[in-house]
There are 2 protein chains.
Amino acid sequence: MRISRETDYAIRCLIFMARRPLKVHTVMEVARPRGIPPSFLAKILQKFVKSGILSSARGVRGGFRLTRSPADITLLQVIEAVEGPISLNDCMVERETCSLASRCAAHSAWKEIQGVLAAKLGEYTIRMLADQEEYTPAFEAGIAEEGP
Amino acid sequence: MRISRETDYAIRCLIFMARRPLKVHTVMEVARPRGIPPSFLAKILQKFVKSGILSSARGVRGGFRLTRSPADITLLQVIEAVEGPISLNDCMVERETCSLASRCAAHSAWKEIQGVLAAKLGEYTIRMLADQEEYTPAFEAGIAEEGP
DNA sequence: CTCATATCGGACAATATCTATCTGATTTGA
DNA sequence: TCAAATCAGATAGATATTGTCCGATATGAG
Ligand code: FES
Ligand code: FES
């Protein structure tokens, strides 16, 4: 009942990138200031590429860039990009894993609760979170670089 | 972002016991019809005793019994009895685990979402779930025993 | 009193998942 | 041609989950 470290990294990363939405970021540029293991972050960014949240370019001036406005990226989308479709119980995705499958009294309850959770996660955008960051000089150091 | 097998077992178990709220159930009497590994269930039941949802008695006519009405046991209470206080992110319990601790933009969002989730879990009672079970003969076989 | 029946408490083993790293391949632009 | 970067996959290490076992303890029946 807890998000993974990976998801936490993923959100931190997007909040960071959202402050320069047009810049092409390399893995290192994001990993260092946010304290994320670079090679782990690389994996996360590739999931974002596959789910369409980021685009990537290889080679010398390559890196990753947001494909849409931070205001259009919700926490739900981020979590599902990283963890796959959210499901509170195994049986939500394949019902057979519950041995009581045919008449489980809890199933519909879980479905409703999951719906409420997903709806709530869909209300929060990366933009909202990025706007909340304090802009202190020390913090700015991490993002004070040239870019488009 | 998913409940554990243990929690799933825990809920199944309470739904089963709720159908004979006054009966003293042994581990085996609950484990078999619900398909829960007996020695694993024993651990779960002990957590319930510690959290006050069940009382226990040792010895010959011993077993476990609900300490209050199924209508007064919520999913939230069950989950917290088994998994401990719910927290969607590590930092919700000890903030220091997030390296950005002092100014994490996501923190307040998680707090709100967690609040919504907890509130929703608090709406569902074991009674509500138990009432939903279908009463078919085959199913009844599992609970057709004498008792108080 | 004795004994079968249960819970209690802890240690323990087997998996599975999560976290992280490394490597070689590929693409790109200077 | 070469350095900079992503891409894809294998793999290792740490941690959490799932499940088992056993000795201790308490209890009521006979
Ligand atoms: S089958 Fe979904 S909760 Fe049991
Ligand atoms: S400190 Fe809580 S989400 Fe980062």
Side-chain angles (χ1 to χ4, degrees), chain A residues 1-13 17 23-32 34-51 53-65 67 79 82-84 87 89-90 93 97-99 145 147-148, chain B residues 1-13 17 23-32 34-51 53-67 79 82-84 87 89-90 93 97-99 147-148:
Chain A
M1 202 65 151
R2 176 170 305 206
I3 63 167
S4 62
R5 203 105 213 76
E6 185 182 20
T7 303
D8 187 68
Y9 288 157
I11 293 167
R12 286 197 226 173
C13 156
M17 291 179 73
K23 174 168 162 47
V24 174
H25 304 259
T26 67
V27 168
M28 286 309 276
E29 284 169 348
V30 178
R32 200 173 341 109
R34 291 287 153 152
I36 305 172
S39 35
F40 195 31
L41 178 60
K43 295 300 185 193
I44 298 172
L45 293 180
Q46 284 179 29
K47 289 184 182 180
F48 282 148
V49 171
K50 273 179 189 142
S51 65
I53 291 175
L54 299 180
S55 65
S56 64
R58 309 221 264 198
V60 173
R61 282 260 175 273
F64 299 86
R65 175 158 42 177
T67 58
I79 292 173
V82 169
E83 303 187 355
S87 76
N89 203 348
D90 287 335
V93 51
T97 60
C98 182
S99 55
E145 292 158 35
Chain B
M1 203 65 150
R2 177 169 305 203
I3 64 167
S4 61
R5 204 102 215 79
E6 185 181 20
T7 303
D8 186 68
Y9 288 157
I11 293 167
R12 284 198 227 172
C13 157
M17 293 179 72
K23 174 169 163 46
V24 174
H25 304 258
T26 67
V27 168
M28 284 312 275
E29 286 169 345
V30 178
R32 202 171 341 109
R34 291 288 152 151
I36 306 172
S39 36
F40 195 32
L41 178 60
K43 297 300 185 192
I44 297 171
L45 293 181
Q46 285 177 30
K47 288 184 182 180
F48 282 147
V49 171
K50 275 182 188 139
S51 65
I53 291 175
L54 299 180
S55 65
S56 65
R58 308 220 266 199
V60 171
R61 284 258 174 273
F64 300 86
R65 175 157 44 176
L66 296 169
T67 57
I79 291 173
V82 169
E83 302 188 355
S87 75
N89 202 348
D90 287 333
V93 51
T97 60
C98 181
S99 56

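Note that the structure is predicted; figures quoted are calculated from it, not measured.
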- [ ] Identify which nucleotide among D:dA8, D:dT18, D:dT20 has an atom closest to any side-chain atom of B:Arg5, counting heavy atoms from C-beta outward.
- [x] D:dT18
TODO: Rounded off to whole Å, could you give me the NZ-to-C1' distance for the A:Lys47 and C:dA20 pair?
DONE: 13 Å
Open item on the list: Between A:Phe40 and B:Gln46, which residue's closest nucleotide on DNA chain C lies nearer the 5′ terminus?
Closed with: B:Gln46
Open item on the list: Quick check on DNA chain D: between A:Val49 and A:Val60, whose nearest nucleotide comes earlier from the 5' end?
Closed with: A:Val60
- [ ] With the side chain of B:Pro37 defined as its heavy atoms from C-beta on, choose the nearest nucleotide among D:dG19, C:dT21, D:dA8.
- [x] D:dG19
TODO: State which of D:dA26, C:dA20, D:dT6 makes the closest approach to the side chain of A:Ser56.
DONE: D:dT6
Open item on the list: Expressed as a whole number of angstroms, how long is the span from A:Glu6:CD to C:dA20:P?
Closed with: 10 Å
Open item on the list: I need the CG-C1' distance between A:Leu54 and D:dT6, as an integer number of Å.
Closed with: 13 Å
TODO: Could you check whether A:Ser39 gets within reach of a base, just the sugar-phosphate, or nothing at all, counting any heavy atom under 4.0 Å?
DONE: base
- [ ] Measure from CG on B:Asp8 to P on D:dT17 and round the result to the nearest Å.
- [x] 15 Å
Task: Distance-minimising heavy-atom pair for B:Gly62 and B:Thr26 - done: O-CG2, 3.7 Å
Task: Separation of D:dT17 P from B:Ile44 CD1 (nearest whole Å) - done: 13 Å
- [ ] Nearest whole angstrom, please: distance from the P of D:dT20 to the NZ of B:Lys43.
- [x] 12 Å
Task: D:dA4 OP1/OP2 closer than 4.0 Å to side-chain N/O of A:Thr26 - done: no
Open item on the list: Given C:dA20, D:dT6, C:dC8, identify the nucleotide with an atom nearest to the side chain of B:Arg58.
Closed with: C:dC8
Task: Rounded distance (Å) that lies between atom P of C:dT7 and atom CZ of B:Arg65 - done: 14 Å
Task: Closest approach of A:Ser87 to B:Arg2 (non-hydrogen atoms, all atoms of both residues) - done: OG-NH2, 2.6 Å
Open item on the list: Looking at B:Ser56 and B:Gly63, would you say the former's side chain and the latter's main chain have a donor-acceptor pair under 3.5 Å?
Closed with: no
TODO: Quickly work out the A:Tyr9 OH to C:dT21 C1' distance and round it to whole Å.
DONE: 13 Å
Open item on the list: Going by salt bridge (Lys or Arg N to Asp or Glu O under 4.0 Å), A:Glu6 matches just one of A:Arg12, A:Lys43, A:Lys47. Which one?
Closed with: A:Lys47
TODO: Could you tell me whether the side chain of A:Ser4 and the main chain of A:Thr7 form a donor-acceptor pair under 3.5 Å?
DONE: yes
Task: Which residue lies more 5' along DNA chain C, comparing A:Ile3 with A:Arg61 via nearest heavy atoms - done: A:Ile3
Open item on the list: Regarding A:Ala42, tell me which of base, sugar-phosphate or nothing describes its non-hydrogen contacts under 4.0 Å with the strands shown.
Closed with: nothing
